[in-house]
Amino acid sequence: MKPVLDLVTKLGPARIAAMAAVTLTLIGFFAFIILRVSRPDMGVLFSDLSMQDSAAVIRELDSRGIRYETKGETGQTIMAPRADLPRLRMDLAGKGLPVQGGVGYEIFDKGDAFSSTNFVQNVNHLRALEGELARSVQAIGRVQAARVHLVLPERRLFERDRESPSAAIVLKLRGDLDAGQVRAIRHLAASAVEGLKPERISIVDERGRLLADGARGADADAASGFEDRQVGLERRLRGQIEDVVAGIVGPGRARVQVNAEFDLNRIESRSETFDPESRVVRSTQTRTESAVTANADGQVTVGNELPGANGADKTPAPKDATNKNEETTNYEISRVTKTEIAEGGRIKRLSVAVVVDGTYATAPDGKQTYSPRPPAEIERITALVRSAVGFDKARGDQIEVVNLRFAEAPAVPQFSEPTLIQALLAPTKEDVLRMAELAVLALLTLIVLLTVVRPLVRQVLAPVPGATALGAPAAGDLSAAAGPGATVTMIERDNPTARLMEFAKINGQVQAETVQRVVDMVRASPAETVEVLRTWIQEE
């Protein structure tokens, strides 16, 4: 331990404190750098969580021992290692997390049905129905969160007119919903609730935009449906024409506009046609009558009926006989009754305008020259457009294909494989963030080394005041070590041999002085010296 103690005494408390400060600073700083660099890449596990869902997810992550981070005032965003995100989402989904603040039919698993009143059961049923509808609506891709409010009028006895149910849905979207998706949400909710009609459902997004108005009638919804149908038809026809024309003139070298006019009138027509040439005997009726009429002389009178009247002399009067035959035949004439109902929304007229660009040729000097397309090619393009849209001349359709020069010439495509330098110059967002973090840490390390570590190291390595340039002891120290009667000779810097000899003399004088001190101590305390010697002899 003596060399260690000598070294400590030689350095002094100031240098020891500086060395300890430098050591602790470097250990702490590099430990921070290592932990920061080796920290796993964190990604978003869930966002926009309620406080209940956030607490449940954090509790589950703590039980699994998975490292996580929370962001936001209420911890609505939870970060987890990016490599474990898919597995964690599947595991938490298997346990029903997150619930998104809604409640479904599982509410009936927690309560006591025997102690609950009818009012409580009805309220729980309404809450469960709203929660299940919200979960179903959230299954749509662009819907981030949903809330459903149902108004179900109570049934009363002896009630003739009953108010229809209504619903209101509030959506938080990741983008914009098209008209088809809005209609799908309305029909989904209407199919899940008894008596609810799609036109009685209102839908609002998080920005306050009215996506569907439940206060309007069916006629307004029908008109909106016709507009959506018109827009959809125009978009579909425009896409078909662009696909056909782009294959001929090149992508981006054609502009197409389609205008579709619809007939919104609802027409109902009935017609009845008779064919006189087609007859069928339906029934035949035959009637025969026979009648006999006598003369007036043979009539019965009062005189003939009196007693004594002579009626024997009279001769019988002549009689008239009549026969009558009637035959009636009924024929059924062929008849055709036709009823036609033409619903609104028929295509009344199509107008298509197509503008195509010409051809470009590159001259030897690098300039591009424009050339119009030949008329034969324009005619072929027109024929293809007519076939693509289903052209009907009787309907009044119009198709115009015109060749005009566009404002900008097409850029010459350059296809080349990206080099390593180009790939490094076009990193992803995660790579940019990681490199920025490493650059900040490297800059911080350099600043700490230059402003903290370097001054401390220079202070540690600074020479002790009073020492010679070569590290030899001072003259006062040599005189004290050599004793009062010793003479000290200064060491010449230019003669190494003389310097070594002087050091040897000084060491000999110091050893002689030490031996003399030991002899004086033995003579002053002989008993203690004997005990020390016995102890050394008895030691193994």
Side-chain angles (χ1 to χ4, degrees), residues 45-60 63 74-76 78 88-157 159 161-174 177 181-206 208 210-215:
L45 179 61
F46 294 111
S47 61
D48 296 329
L49 295 177
S50 61
M51 296 183 65
Q52 295 81 2
D53 291 341
S54 180
V57 172
I58 289 175
R59 193 183 307 113
E60 184 66 24
S63 63
T74 59
Q76 64 267 24
I78 299 178
L88 288 176
R89 290 197 182 109
M90 289 188 294
D91 294 343
L92 294 176
K95 295 188 177 182
L97 294 176
V99 187
Q100 292 294 342
V103 61
Y105 285 112
E106 68 272 6
I107 191 175
F108 294 103
D109 300 335
K110 302 177 182 179
D112 188 2
F114 294 99
S115 61
S116 300
T117 62
N118 189 21
F119 175 77
V120 174
Q121 289 291 335
N122 291 335
V123 171
N124 290 338
H125 179 265
L126 182 62
R127 290 179 59 193
L129 187 58
E130 291 177 349
E132 293 294 337
L133 282 175
R135 293 176 183 177
S136 300
V137 173
Q138 289 176 13
I140 300 176
R142 295 185 179 179
V143 178
Q144 185 176 357
R147 292 196 66 184
V148 179
H149 304 278
L150 297 178
V151 180
L152 304 179
E154 183 181 358
R155 294 183 179 181
R156 295 183 176 89
L157 296 176
E159 184 181 17
D161 299 332
R162 183 191 175 193
E163 187 179 357
S164 301
S166 60
I169 302 176
V170 182
L171 302 178
K172 185 175 182 180
L173 306 176
R174 296 187 181 93
L177 296 179
Q181 291 174 326
V182 174
R183 289 197 303 271
I185 293 174
R186 300 181 76 179
H187 285 279
L188 172 65
S191 302
V193 180
E194 180 183 2
L196 182 60
K197 297 180 180 180
E199 58 269 13
R200 295 278 295 171
I201 301 175
S202 300
I203 301 178
V204 183
D205 63 356
E206 77 279 6
L210 185 63
L211 303 181
D213 190 359

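We count residues from 1, following the sequence as given.
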If I take atom [atom1] from residue [X] and atom [atom2] from residue [Y], how far apart are they, to the nearest 0.5 angstrom?
| X | Y | atom1 | atom2 | value |
| --- | --- | --- | --- | --- |
| His125 | Leu152 | NE2 | CG | 8.5 Å |
| Ser202 | Leu210 | OG | CG | 6.5 Å |
| Leu211 | Leu173 | CG | CG | 6.5 Å |
| Lys172 | Asp205 | NZ | CG | 12.0 Å |
| Ser54 | Arg59 | OG | CZ | 10.0 Å |
| Ile140 | Ile185 | CD1 | CD1 | 4.0 Å |

Minimum side-chain heavy-atom gap Phe46-Val57 below 4.5 Å:
yes
What I'd like to find out is whether the side chain of Leu171 reaches to under 4.5 Å of the side chain of Leu177, using heavy atoms alone.
yes
Glu130/Arg127 ion pair, N-O < 4.0 Å:
no
Exam field: side chain [X] to backbone [Y], donor-acceptor pair closer than 3.5 Å:
| X | Y | value |
| --- | --- | --- |
| Arg174 | Gly141 | yes |
| Arg200 | Ala167 | no |
| Arg147 | Val170 | no |

For [X] versus [Y], what's the shortest heavy-atom pair and its separation?
| X | Y | value |
| --- | --- | --- |
| Leu196 | Pro165 | CD1-O, 3.3 Å |
| Leu133 | Ala192 | CD2-CB, 3.5 Å |
| Asp213 | Arg186 | O-NH2, 3.7 Å |
| Ser136 | Leu188 | CB-CD2, 4.0 Å |
| Glu60 | Leu92 | CG-CD2, 3.3 Å |

Near Glu163 CD, under 6.0 Å, is it more than 12 heavy atoms from other residues, nucleotides or ligands?
no
Given the rule in the side chain to side chain contact (heavy atoms under 4.5 Å, CB included) test, do Ile169 and Val204 qualify, once you have shown the distances and angles that lead to the verdict?
CA-CA 6 Å; Ile169 302 176; Val204 183; over 6 Å; no
